Amino acid sequence: MSGLLQSFVDGLLNPLTTPAHVLTLLALALLLARQPQRFTGVLVFALALAGGFLAIVLAVETTPARTVLLAVAVALGVMVAAAWAPKLLACLLAAIAGVALALDSPPQAVTITEAYATLGGTALGACAMLVVVAAIAAHANADWQRLGLRIVGSWIAASAILVLAVQLR
Amino acid sequence: MRDHEHSNIAGALGGALVVAMLLASRPAFAHIVDGSATGGFLGGFAHPLFGLDHVVAMVAVGLWGSFLGPPAIWLLPITFPMVMALGGAIAILGVPVPAVEIGIASSAIVLGSMIALAARPPLAVAALIVGAFAIFHGHAHGAELPPGTDAVAFSVGFVLATGLLHLAGIAFGLLTRWPAGRIGVRAAGVGIALVGALFLSKAI
């Protein structure tokens with residue numbers, strides 16, 4: 001596999017294999033699934049992700065992005081568990097999640113081109129996961145399915161709280 | 001009559017199983033861990049399963065929720081992991097909580113008794129009881145989080161195992177739809193309380 005393609009695949013898999021990213025994306029997708037206009041939330045997330053990548057390209061210093069990402073996962077998980085999702089707050093959290101996820105995904109590439117390929121892969125992987133999970137969850141309309149999603153939200157919040165504590169220790 | 005016989009057989013088998021598990025078990029302490037994500041997940045997943053004191057309390061939460069019916073059937077299993085995580089966070093941050101093992105054993109006694117007595121307190125009270133005990137369980141888990149473990153994978157594993165134990169309790173609790181099942185569930189409550197009493201005697 002060429003270096004460019006390998007970098008793209010690495011980037012693509014990054015949000016799907018980094019547990020903190022998976023937790024946040026799952027929680028955001030479950031929250032957006034309950035929004036009538038979930039496309040807005042996905043768009044906000046994608047734009048924020050692009051903004052975060054721009055910050056990486058402009059060589060922003062090390063940030064506490066992982067901690068912020070986990071804090072957002074806690075908030076999103078609690079909101080999913082409580083079945084409480086005001087549109088404005090959901091969009092705000094989507095924006096913060098997008099920026100934090102981007103800043104927490106600095107490419108480990110050798111060349112500039114490979115770095116761009118990695119960032120492109122990460123953007124595609126994160127957005128694809130968000131859209132697919134939100135689309136599936138939006139079809140979970142039976143009572144037991146909705147309850148199941150709320151329970152999953154509480155599990156995400158619980159996991160994120162513990163990891164956040166480890167980060168802050 | 002046949003239902004009665006089945007209840008007796010189920011009760012005897014359940015009792016034998018509880019005794020066997022008691023003989024084979026110790027409170028939750030040492031567990032499988034290594035620094036990898038897989039090791040972290042497996043260690044976290046195994047953590048609540050290798051302490052009978054934790055297991056019976058987790059199952060009791062689901063069982064009581066199922067016994068109380070909606071909305072407790074989902075509210076209690078949602079409340080417990082989040083408050084438990086707060087307890088875990090307190091432990092990870094180094095804040096001591098007194099008498100954790102006594103609290104865990106007491107949780108089994110209280111929750112088991114609630115089921116055995118078919119107690120139906122207001123939902124807020126039930127959530128408060130479950131939440132208060134969740135702090136002790138979370139603190140025990142958080143304090144035992146091994147250094148060098150993948151914290152995210154460990155946390156996901158142990159929250160997942162806890163949730164599955166709740167679901168096992170809920171599934172068992174669905175037997176309350178039948179008269180014989182109600183007796184079986186209440187008998188399980190007695191068993192849970194007895195297990196709690198045994199661990200309390202060890203902890204004191």
Side-chain angles (χ1 to χ4, degrees), chain A residues 13-27 30-31 65-84 100-101 104-105 140 142-169, chain B residues 36-38 40-41 44-45 47-48 61-62 65 70-95 134 137-139 141-164 166-167 170 174:
Chain A
L13 294 178
N14 181 53
L16 311 179
T17 54
T18 309
H21 295 191
V22 174
L23 282 180
T24 310
L25 287 170
L26 270 179
L30 296 184
L31 192 74
R66 178 66 60 92
T67 307
V68 172
L69 203 57
L70 288 166
V72 170
V74 173
L76 290 168
V78 170
M79 287 169 71
V80 170
W84 180 68
L101 194 143
D104 195 42
S105 310
D143 283 346
W144 68 269
Q145 290 170 332
R146 285 170 173 261
L147 291 179
L149 294 182
R150 292 178 70 171
I151 289 173
V152 171
S154 75
W155 292 358
I156 292 171
S159 301
I161 287 169
L162 285 167
V163 183
L164 198 57
V166 173
Q167 296 257 324
L168 296 174
R169 178 167 52 182
Chain B
S36 69
T38 309
F41 178 81
F45 193 84
H47 206 268
V61 170
I73 192 170
W74 55 265
L75 189 68
L76 299 187
I78 282 177
T79 304
F80 193 94
M82 290 198 287
V83 182
M84 183 183 71
L86 287 177
I90 289 171
I92 291 166
L93 295 173
V95 180
H137 287 271
H139 197 279
H141 290 308
E144 293 162 17
L145 196 149
T149 307
D150 184 318
V152 183
F154 184 92
S155 303
V156 170
F158 115 70
V159 169
L160 192 63
T162 299
L164 291 176
H166 291 330
L167 291 182
I170 289 173
L174 293 178

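Predicted model only: the values in this text are computed from it and were never measured. Convention: sequence-line order gives letters A, B, ...; per-chain numbering from 1.
The aromatic rings of B:Phe158 and B:His141 sit tilted, their planes meeting at an angle between 30° and 60°.
Between B:Ala72 and B:Pro77 the shortest heavy-atom distance is O-CD, 3.7 Å.
Put simply, the side chain of B:His137 never gets that close to the backbone of B:Gly87: no donor and acceptor are under 3.5 Å apart.
In this structure, chain A has no heavy atom under 4.5 Å from any part of B:Ile73. For A:Leu70, no part lies near chain B; criterion is any non-hydrogen pair under 4.5 Å. Proximity to chain A (any heavy atom under 4.5 Å) is shown, for B:Ile92, by both the backbone and the side chain.
Top candidate by heavy-atom pairs under 4.5 Å with chain B, chosen from A:Ile156, A:Val152, A:Leu147, is A:Leu147.
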**Message:** With side-chain contact (heavy atoms from CB on, under 4.5 Å) as the criterion, how do B:Phe41 and B:Leu160 come out once you've worked through the C-alpha distance, each side chain's angles and the decisive distance to 0.1 Å?
**Reply:** CA-CA 10 Å; B:Phe41 178 81; B:Leu160 192 63; 3.9 Å; yes
